[in-house]
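Each remark here refers to the structure printed beneath this line.
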Amino acid sequence: MSSDEGSNTIEVPERVFAFGEEPVGIRVTPYHKPCAIRRIFNALEADEVEFIRRTQFGKFVDIAELPSFSGRFGRHIISRQLKVTNRHQAWFLFAGNPVRFSLREYSLVTGLNCNKYLPHSKKRTARNINEKPYWGELFGSLKDVTVKEVIQTRIKYACLALLASVILPTTHSPRISHDHTEKIKDLGEFLAFPWVRVGFEMLMSSIKERNVISLSQNTIALKGFVLSLQLVMIEAVPALTEVVRDGSSSGSKGDFGVDEEIDDEERRGKKTISPAHARDTDTEAKAQVVPIIRSDNVSIGNESELDWSDEEEDTKVGNLMKLIKIQHPFTNDLFKGGVTKVDVIRMREEANVEAVVRKTKKQKTTPHVSPETVDFDYIAAVFRAAVKEDINRLQREIMSLRESLTVFQSTLMATVLDTCETIKFEIASLKKQCIPPTLPIGGGSTGAPVEPQAQSAKTTTTTNAERERSVVDAEVTIMSALHFAAEVTNQNASPEKVNEIADTDPKSMAPSDNVDQVSGHVFDAPNDETEDSGLICENPTFSLGLSQEDRHHDVMMPSDAVLGTGDIDTEADHIVNEFDMEVSQIVDRNCLLSAKVVDVLMHHTRSVYKSQASASQAVFLDTKFVAQLSRYSFAFPASMCETVFPKTSTTLAEHYYFPFNLDKTHWVGICADTASWSIIVLDCNITLRSDALMTREVKKIAAMFPYLIRQAGKVGSSKDTKSMTVERPRSVPQNTAQYDSALTVVLLIQAHAVAGVEVCKCITPDVLDGEAERMVVKMYEDNFGPL
């Protein structure tokens, strides 16, 4: 029987998370600061540092110069645990190989004393009542002492600071422990204490107490010396140190987390391993991995001292140790089981329901006073006596208010009636002064004014003169507007005709010859050859040099239409008006462009790109894509897959573009790059969101898009379900105008689809107006014909 067949029959520990279903998260946040060790030793003299180097804390002098803890790498490792029953061991998978983390490994990387606890050393023995606490000798009357205050002193203070801020930290602002202070009274006894067990128990408890729900959170805070995990992994996988980043790089800031005390100079002085290189090394599964790190040139004393009194036997771990002993080749396929992302979501929902039920039960079981023990009649009598005077006073005030309101209502009613009578009288006076307007009849003759028979001759003469002047002024204004509209709409007319219209005096065009006005309505006019037959709209508008009349003519309006005559196509008029509104939004940009208008621009971009480039290089999606992607949890309908990845295309496009509206206030462009397996965010205003916040906004897209590709059957390689990385190019020109973001994003998408990020540098704020006009003219010609 071969070794492979034998390994398949041996039970080994299962995964906590199924292979390929590990939560991505952001980082593991340690409570020890990346520069804490260096700060402590910088406060000491050289001889004092050398003294500590000779103690069990001596290895921390060398650890201060090693790469600092990478929170992203820690998040990657903590998600790849194996299920073991022994609470004093943790097993992690890397590149398909198991790596053990136990007291032995913790002791090897820290150099701390791993001896067993002395009798009663775990608990502080009762002191003599007359013995003075040693805390007062060190810190006097201070009740709280910060680590920052302690490291300014000497060896004892340095040892206490190492314990509080590096080996046993429990908060981001660690404090010196009173128990540790009492132990350091005898420095020799303090240095001989097995601190490795205290630190290891704290770290393992912080890891083991977390279930799959808490392990799926974006950020995980761990107590104790978390850097020891990374030190063990570096010993087990030497390839991790092949790529080391400077602490001042943008990516490494996410590794440290939020630490305001770390200045830029300290960041530049620290190195950290590359999380991206670690992930690639794990995925490729080609690196050499040592499951049990060696103790070369490191003395940890008697290894029989490394066991625990409450240690449990785990058969599966024993089987795994046998495979390691015979140097069995491990692969990811050997380790089965684990929960999926769907299981985590279900478990989280069940936990929320249980929490609500517990809260409800707690409210129901709240103890209350039995009615038998309370005399309600006595309480009511006391209450009535206490508020009797107040109630009488309120009743008197209410009666007074009622009387005042009655008087006010009477006065108000009288005032209203007087006002109504005055208004009626004024209306009657105005009716007597009003005379109906003259009604010009088509032939040009002027009819007699219609007036009451009782009107005097003097009033009739004055009113007619005023009316004639107002009618002439109105006619001149109307004919001037018609003359201007005819000038614009007859751009394709002959030069002789244009000159004839231009030389015409508006005042010479008598309104009674071509229009009849009755109550403000326009009637049919005789068919004059000099009139523009395309003018069919009362109020012409001019957007980018295009009149509304031109648009009506392009949508098949009657050729013999004149002012106010002919049947208007209501549906065509609606389409043209809607297009005019969209054009106005694009050109004016006095509000944030709606999703409908952005979809029109993306449709136009898709049409132009297909006519000029290979359709397989880029795919342009509309604004609904993000909502559809978020609606489904890694299981998408066939219609959505067919829309994004048509069956007619046998290969993946290189780029998938779609707009994304953030909080309905800012548009960004998203490019799913299948070549580099990344999400590229085209953002014209990076001041609104930091890189971390932007990554949080699009991380769901980066995680779900690969599953959409796989479900559509467009699997390209083994990385098909790996979450895409998120990038936001800094070279994109910035524009802080909120209402310009939609148009800018569409132009950035066009530029990126043609020639990448370099061409995006041309989309500056000063070119938007010209590009907007060019775009709407092109859209008009594509839909209604050449101008």
Side-chain angles (χ1 to χ4, degrees), residues 1-19 22 77-110 114-117 194 196-197 199-212 215 224 228-229 231-237 282 285 287-296 298-339:
M1 182 176 64
S2 64
S3 60
D4 292 337
E5 294 175 354
S7 62
N8 292 331
T9 60
I10 296 178
E11 288 189 351
V12 294
E14 296 181 350
R15 297 172 179 266
V16 174
F17 295 98
F19 180 59
E22 298 90 349
I77 291 299
I78 210 74
S79 302
R80 285 155 176 79
Q81 292 187 65
L82 295 178
K83 294 180 182 178
V84 295
T85 58
N86 191 338
R87 67 187 187 92
H88 299 297
Q89 284 187 9
W91 287 81
F92 304 97
L93 287 177
F94 191 87
N97 290 266
V99 177
R100 188 182 71 176
F101 183 78
S102 66
L103 180 62
R104 175 183 176 275
E105 286 72 33
Y106 186 83
S107 179
L108 284 174
V109 297
T110 61
C114 62
N115 294 333
K116 291 185 177 181
Y117 291 115
V196 67
R197 290 182 177 269
F200 180 77
E201 283 187 289
M202 176 178 288
L203 177 58
M204 289 302 297
S205 298
S206 185
I207 295 175
K208 293 285 187 176
E209 68 186 7
R210 297 184 175 275
N211 55 22
V212 293
L215 287 175
S228 60
L229 284 173
L231 296 177
V232 171
M233 293 304 301
I234 290 175
E235 291 290 332
V237 190
D282 185 17
Q288 180 183 0
V289 179
V290 181
I292 309 295
I293 63 174
R294 292 181 289 269
S295 57
D296 298 340
V298 178
S299 175
I300 57 174
N302 189 0
E303 293 202 10
S304 61
E305 298 286 332
L306 297 175
D307 59 346
W308 298 84
S309 58
D310 58 346
E311 193 164 1
E312 301 179 17
E313 183 178 355
D314 191 332
T315 305
K316 294 181 179 180
V317 173
N319 295 335
L320 186 60
M321 292 295 294
K322 292 178 182 178
L323 294 177
I324 295 173
K325 187 175 181 179
I326 65 175
Q327 298 183 353
H328 175 77
F330 292 98
T331 61
N332 282 311
D333 297 334
L334 179 61
F335 301 95
K336 308 294 184 181
V339 299

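Just so it is clear, the values below take in all heavy atoms, side chains as well, and ignore hydrogens, waters and symmetry mates.
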Item checked: Residue list, ring pair (Phe, Tyr, Trp, His ring centres under 6.0 Å) with Tyr106, at least two apart or on another chain ->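 Here the qualifying residues are Phe200.
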Does [X] reach the side chain of [Y], with side-chain heavy atoms less than 4.5 Å apart?
X      : Y      : value
Phe330 : Leu320 : yes
Arg104 : Ile292 : yes
Leu229 : Phe92  : yes
Leu82  : Arg15  : yes
Arg100 : Met321 : yes
Lys208 : Val84  : yes
Asp333 : Phe19  : no
Met204 : His88  : no

Margin query: Determine whether Leu215 and Gln81 satisfy the following criterion, side-chain contact (heavy atoms from CB on, under 4.5 Å), listing intermediate values before the conclusion.
Written below: CA-CA 10 Å; Leu215 287 175; Gln81 292 187 65; 3.9 Å; yes
To the nearest 0.5 Å, what is the distance between [atom1] ([X]) and [atom2] ([Y])?
X      : Y      : atom1 : atom2 : value
Glu105 : Met233 : CD    : CE    : 11.5 Å
Phe101 : Ile293 : CZ    : CD1   : 9.0 Å
Gln327 : Ile324 : CD    : CD1   : 11.0 Å
Met202 : Ser206 : CE    : OG    : 9.0 Å
Leu108 : Arg294 : CG    : CZ    : 11.5 Å
Leu93  : Leu334 : CG    : CG    : 9.0 Å

Closest approach of [X] to [Y] (non-hydrogen atoms, all atoms of both residues):
X      : Y      : answer
Glu201 : Ser205 : O-OG, 2.8 Å
Pro98  : Trp91  : CB-CE3, 3.8 Å
Lys316 : Pro13  : O-CD, 3.4 Å
Asn97  : Ala95  : ND2-O, 3.0 Å
Gly96  : Phe335 : O-CE1, 3.7 Å

Item checked: Sole residue of Arg80, Arg210, Lys83 in side chain to side chain contact (heavy atoms under 4.5 Å, CB included) with Val16 ->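 That would be Lys83; it is the only one of Arg80, Arg210, Lys83 passing the side chain to side chain contact (heavy atoms under 4.5 Å, CB included) with Val16.
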Notebook entry, point to check: Would you say Glu313 has more than 12 foreign heavy atoms packed within less than 6.0 Å of its CD?
Noted result: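 Counting other residues, nucleotides and ligands, CD of Glu313 stays at 12 neighbours or fewer.
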Next item on the list: Let me see the working for Asn86 and Val317 under side-chain contact (heavy atoms from CB on, under 4.5 Å), right down to the final yes or no.
Entry: CA-CA 9 Å; Asn86 191 338; Val317 173; 5.9 Å; no
